[in-house]
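Structure, as structure tokens:
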Amino acid sequence: MFDLNLSNLTPFLPEDWLSSRAGALEQARTMLEEGNGPGGDFTGWVHLPRDYDKEEFARIQAAAGRIRQDSQALVVIGIGGSYLGARAVVETLHSPSFNLTKKDGPAIYFAGCGLSSDALAEVIGQVKDVDFSVNVISKSGTTTEPAVAFRIFKALLEEKYGKEGARRRIYATTDAKRGALKGLADGEGYEEFVVPDAVGGRYSVLTAVGLLPIACAGIDIAALMDGAAAAMEELSKPGLDNPAWRYAAARHGLYCSGKKVELLACYEPAFRFFAEWWKQLYGESEGKENKGILPASVEFTADLHSMGQYIQQGERMIFETVVRFAHSLEEIKIPNDPENVDGLNFLSGKPLSFVAEKAFQGVVLAHVDGGVPNILLSVDRRDARTLGALIYFFEYACGLSGYLLGVNPFDQPGVEAYKNNMYALLGKPGYEARKKELEERLG
Ligand code: PA5
């Protein structure tokens with residue numbers, strides 16, 4: 001389904017970059033497969049494509065079918081790992097303009113992924129006069145951004161449909177046992193889906209967290225799971241030809257040689273949110289204990305006209321991972337122009353994808369010549385099965401990478417710092433002393 005090409009790393013890595021990591025990779029693989037390494041309680045995603053709850057999966061499909069029939073819009077409320085995966089898949093397989101181009105089913109709006117009143121008002125404006133449903137997603141059930149947004153949309157639904165009508169239009173995805181959202185959903189009688197205990201937010205796209213919104217967008221979630229299962233099968237095999245081993249080892253080798261920033265590049269604008277999902281996955285998994293590659297992303301060729309200068313000649317701390325889809329979904333040919341004022345007739349009749357391919361080849365050569373190692377990931381096609389495999393590939397390689405780096409890839413202690421300050425400054429009960437201290441500092 002995809003091919004990992006590391007040939008452009010040769011000038012940048014010592015000869016034994018892979019073999020010297022064989023032992024550590026085998027150890028990392030065992031920790032992932034057996035769940036006995038740091039954060040092992042959160043490796044439920046490793047065998048998920050095979051062991052997922054089939055009864056719940058059927059309920060997800062049924063709920064999506066209902067939403068597609070009775071709603072012109074679905075508001076998906078969540079943040080971080082409870083948001084990015086669904087948006088990544090919907091946009092990559094459809095389009096960032098999905099709501100304008102969709103042919104059937106509801107428009108999909110994302111809310112609760114920030115605290116902007118203007119962004120929220122825009123979503124309210126889009127849905128208030130049409131039939132809509134809400135999927136509220138929060139594993140902890142206590143995250144401020146989605147909790148606040150949910151209050152607002154719950155009130156809107158209740159005003160529009162009454163309490164009972166609203167109840168039938170709210171779908172809650174949360175912990176099986178704990179949390180404020182769980183209590184609320186139980187109390188109100190919403191249809192509930194589970195974020196499994198052993199799956200952390202950023203690894204949860206293939207659970208109900210991602211699957212319900214993705215299915216509502218008309219995407220074949222069985223094919224998505226099937227692709228992930230095929231990747232799971234392949235990547236669980238030990239060996240230096242395992243693409244996840246190779247990607248993890250290459251990243252670690254580059255990091256050790258001073259390449260501290262990884263740019264995920266793609267030539268498809270539809271891939272933008274996949275890159276956002278990938279940034280959370282790698283950033284939260286590796287960025288701790290004052291270590292970790294900084295994950296960043298660029299969209300080519302657009303960013304070649306902005307970030308291109310830095311990439312070519314700025315500080316030499318960057319490497320690129322370029323995701324290339326082999327086939328365009330639509331082919332557009334460049335027309336002939338008898339006047340040829342723009343001098344482009346040498347391209348007449350050629351598909352745009354031919355121009356993109358040559359741009360890609362030229363960019364790789366230029367960037368490698370400029371001191372930027374390039375990892376190339378060629379992907380067969382932009383479909384659900386392939387994307388499922390790609391998601392699993394990046395997740396598995398991320399687990400391996402974290403263990404190679406010597407960190408727990410499944411915790412995120414650093415995200416609590418801002419939350420505690422925010423709670424204190426907002427006057428949340430229990431944070432009085434911190435509030436006083438922070439307000440003194442703020443002056
Ligand atoms: O990966 C993570 O754990 C985070 O990004 C969470 O997914 C995010 O903070 C949202 O948390 P919750 O689902 O508990 O609302």
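Quantities reported herein were computed from a predicted structural model and do not represent experimental measurements. For ligands, and for the atoms within them, numbers begin at 1 and follow the listed sequence.
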Using a strict 4.0 Å threshold on nitrogen-to-oxygen distance, state whether Arg29 and Glu26 make a salt bridge.
->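 A salt bridge is present here (some side-chain N lies under 4.0 Å from a carboxylate O).
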Should Arg434 and Glu439 count as an ion pair when the cut-off is N to O under 4.0 Å?
->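 No, this pair does not count.
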Over 12 non-hydrogen atoms of neighbours within 6.0 angstrom of CD in Gln27 |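 No, the 6.0 Å shell around CD holds no more than 12 heavy atoms from other groups.
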Find all atoms of ligand 1 within a distance of less than 4.0 Å from any non-hydrogen atom belonging to [X], and give their numbers and elements.
X	value
Ser140	12 (P), 14 (O), 15 (O)
Gln280	1 (O), 2 (C), 4 (C), 5 (O)
Gly80	5 (O)

Nearest to [atom], what protein heavy atom do you find, and at what distance?
atom	result
atom 11 (O) of ligand 1	Thr143 OG1, 3.5 Å
atom 2 (C) of ligand 1	Glu284 OE1, 3.5 Å
atom 6 (C) of ligand 1	Gly81 N, 3.9 Å
atom 10 (C) of ligand 1	Ile79 O, 3.3 Å

Return yes or no for this condition: an N or O of Ser82 is under 3.5 Å from an N or O of ligand 1.
->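 Indeed, backbone or side chain, Ser82 has an N or O that close.
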Would you give the length of the straight line joining atom CD of Glu158 to atom CD1 of Ile170, rounded to the nearest 0.5 angstrom?
->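 One gets 6.0 Å once the value is rounded to the nearest 0.5 Å.
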Nearest-0.5 Å distance that lies between atom CG in Leu254 and atom CZ in Phe12 =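 Answer rounded to 0.5 Å: 8.5 Å.
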Between Glu284 and Lys279, is a salt bridge (Lys or Arg N to Asp or Glu O under 4.0 Å) present by the stated rule, with each step listed?
-> CA-CA 8 Å; Glu284 269 192 352; Lys279 283 194 275 192; over 6 Å; no
